[in-house]
Amino acid sequence: MPELPEVETIKQELLPHVSGKRITGVELFWEGMLRQPSPKEFQSRIRGQKITGITRRGKYLVFSLQNGEWLIIHLKMSGALLAGRGLSPRFTRAVFHLDDGSDIYFCDPRKFGKIQLVKDKDTVMGKLGIEPLEDDFTPEVLQKLLKKRKTPVKAMLLEQGLIAGIGNMYADEALFNAAINPLRVANSLSTDEIKRLHKSIKEVLQTAIKRKGASISNYYRPGGEKGSAHNHFRVAHRKGEECPVCGTPLERISIRQRGSCFCPVCQQ
DNA sequence: CCCGGAACCTGAAGGC
DNA sequence: TGCCTTCAGGTTCCGG
């Protein structure tokens, strides 16, 4: 499922396909994915616009258009964007036609993904928290975020208004690498634990980007290839397997209705 | 403000 | 083999 590393990979690999191209039309096969404006207005406002760039903010993909508007896509659980010509991928919910004859297909079996066209991107993303891979995400910043919180640290890591882009898989991986139990109350972490967690978050995300994301569920890159990050997961989605450090069977518990895999020995 | 839980969705996996 | 149930989880919304 697309989290920060997957969305970052899609951004990088989609950019050469769309940069400088003009959108000649959009077909919508399921209108529920469109958050705003109405389908007809969306299609008329986006038609003819040149795509000038793509950025990522948290798990959002942000296309900048020549007229100053923003096409914002969230892939949620199962969304994927494929680039090609004359394809008909399964679960296609929308197709963007470009002026070089190529198409961008938005495929999403679960129909959770959302598309919107806005003039002010802050109305969508203004409440997002800090970007964990930027230099201003320091151990001190993390300490301040943790201090106010009485929730389990795992739940806190998933809050996009605090840190933007971490999802269930990478939260589990970061906590394991920092040897912190996911149920630990956020404001109870020691300075040393916060330093370890900060370092682990950066490393886990950077490494996953190098591996082009994790192809769990429906994640595909724009060319149709999978990522390889999931092959290197140490605890995420590995319930019952042996802990890579101590050999103890990994456990899985539910925290805020999210499956959380961890080692009961290494993460006390 | 803070926290937890339901709803949105449907393919895939597991049980019998 | 096939029907049925359960599970998966990012975000938004709602209630305590």
Side-chain angles (χ1 to χ4, degrees), chain A residues 1-11 28-36 56-62 72-81 89-94 106-116 118 121-129 131-132 144-175 182-188 201 205 208 213-220 226 229-230 233 235-241 250-262:
Chain A
M1 15 226 108
E3 302 180 21
L4 186 154
E6 288 74 32
V7 180
E8 179 66 24
T9 301
I10 293 168
K11 180 200 84 179
L28 300 171
F29 302 106
W30 190 73
E31 297 183 346
M33 67 188 307
L34 201 54
R35 204 173 181 82
Q36 59 172 315
R56 179 195 58 73
R57 178 79 171 96
K59 302 171 193 169
Y60 288 90
L61 210 50
V62 183
I72 301 179
I73 297 182
H74 198 302
L75 299 169
K76 292 281 182 86
M77 307 284 302
S78 61
L81 288 168
R90 285 183 84 193
F91 313 119
T92 299
R93 310 297 183 199
F106 181 31
C107 308
D108 185 15
R110 301 281 293 280
K111 294 183 174 174
F112 272 33
K114 288 278 180 277
I115 295 180
Q116 44 196 323
V118 298
K121 59 183 158 88
D122 274 354
T123 60
V124 179
M125 301 181 295
K127 289 180 181 168
L128 286 178
E131 281 289 327
K144 274 188 185 169
L145 294 175
L146 287 159
K147 216 159 208 169
K148 291 182 267 181
R149 296 278 154 167
K150 291 179 183 172
T151 54
V153 60
K154 165 75 184 279
M156 176 264 171
L157 290 178
L158 297 179
E159 286 186 38
Q160 303 303 299
L162 301 178
I163 304 171
I166 301 176
N168 202 38
M169 308 180 294
Y170 296 110
D172 280 358
E173 290 295 294
L175 287 166
L183 282 172
R184 286 281 302 284
V185 174
N187 68 6
S188 76
I201 289 169
L205 296 176
S215 283
I216 300 284
S217 180
N218 194 54
Y219 168 72
Y220 291 95
K226 296 186 173 191
H230 57 290
F233 279 164
V235 292
H237 293 99
R238 295 197 183 279
K239 173 198 170 193
E241 296 181 32
L250 298 173
E251 292 183 5
R252 185 176 182 281
I253 58 172
S254 185
I255 301 176
R256 287 258 198 112
Q257 300 171 298
R258 294 287 170 275
S260 302
C261 297
F262 69 106

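Naming convention: chains lettered A, B, ... in sequence-line order (proteins, then strands); numbering from 1 in each chain. Everything quoted here is computed from the prediction, not taken from an experiment.
- Going from atom CG of A:Leu157 over to atom P of C:dT11 covers 14 Å, rounded to whole Å.
- Contacts of A:Glu31 classified as side chain to side chain contact (heavy atoms under 4.5 Å, CB included), with partners at least two apart in sequence or in another chain: A:Pro39.
- Computed from coordinates, the A:Arg35 CZ to C:dC13 C1' distance equals 10 Å when rounded to whole Å.
- Under a 3.5 Å cut-off, the side chain of A:Glu6 and the backbone N or O of A:Glu3 do form a donor-acceptor pair.
- Looking only at distances, no side-chain donor or acceptor of A:Arg57 sits under 3.5 Å from a matching main-chain atom of A:Leu61.
- Between A:Asn187 and A:Arg149, the closest side-chain pair of non-hydrogen atoms is not below 4.5 Å.
- Classification of A:Asp172 and A:Lys154 as a salt-bridged pair holds, one side-chain N sitting under 4.0 Å from a carboxylate O.
- Here C:dT11 presents its P atom at 3 Å from NE2 of A:His74, a figure rounded to the nearest Å.
- The side-chain tip of A:Arg110 points at the ring of A:Phe112 from less than 6.0 angstrom away and within 45° of straight on.
- Spacing between atom NE2 of A:His237 and atom P of C:dA8 amounts to 8 Å, rounded to whole angstrom units.
- Counting only Watson-Crick and G-U wobble pairs whose two key distances fall under 3.5 Å, DNA chain C forms stems of three or more stacked pairs at B:2-8 with C:10-16, B:10-16 with C:2-8.
- Checking side-chain atoms of A:Arg93 against main-chain N and O of A:Pro109 turns up a donor-acceptor pair under 3.5 Å.
- Atom CD of A:Glu6 and atom P of C:dG10 are 10 Å apart (whole Å).
- Proximity of A:Met125 to A:Ile72: side-chain heavy atoms (C-beta onward) are separated by under 4.5 Å at one or more points.
- Side-chain contact check for A:Tyr219 versus A:Ile10: some heavy-atom pair is nearer than 4.5 Å.
- C:dC4 and B:dC8: their C1' atoms are spaced 22 Å apart (whole Å).
- Between A:Leu75 atom CG and C:dG9 atom P there is a gap of 17 Å when expressed in whole angstrom units.
- In this entry the distance linking CD1 of A:Ile72 with C1' of C:dT11 reads 15 Å, nearest Å.
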Polar atom pairs (N or O), protein with nucleotides 1-3 of chain B, under 3.5 Å:
| residue | atom | partner | partner atom | Å |
| --- | --- | --- | --- | --- |
| B:dC3 | OP1 | A:Lys150 | N | 2.8 |
| B:dC3 | OP2 | A:Arg149 | NH1 | 2.9 |

Please list, pair by pair, any protein nitrogen or oxygen found under 3.5 Å from a nitrogen or oxygen in nucleotides 4-7 of chain C.
none

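- Salt bridge status for A:Lys239 with A:Glu251: absent, with no side-chain N to carboxylate O gap under 4.0 Å.
- A:Glu131 contributes a side-chain N or O that, together with a main-chain N or O of A:Gly58, makes up a donor-acceptor pair within less than 3.5 Å.
- In this entry the distance linking CD of A:Glu3 with P of C:dG9 reads 9 Å, nearest Å.
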### Message
Does the protein touch nucleotides 7-12 of chain B at the base, only the backbone, or not at all? Give it as B, S and - per nucleotide, heavy atoms under 4.0 Å.
### Response
-BBBS-
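- Proximity of A:Phe106 to A:Ile115: side-chain heavy atoms (C-beta onward) are separated by under 4.5 Å at one or more points.
- B:dG14 sits 14 Å from C:dG9 when the P atoms are compared, rounded to a whole Å.
- In plain terms, the two heavy atoms of A:Lys76 and A:Pro2 that are nearest each other are O-CD, 3.3 Å.
- With sequence neighbours left out, the side chain to side chain contact (heavy atoms under 4.5 Å, CB included) criterion links A:Arg238 to A:Phe233, A:Glu241, A:Leu250.
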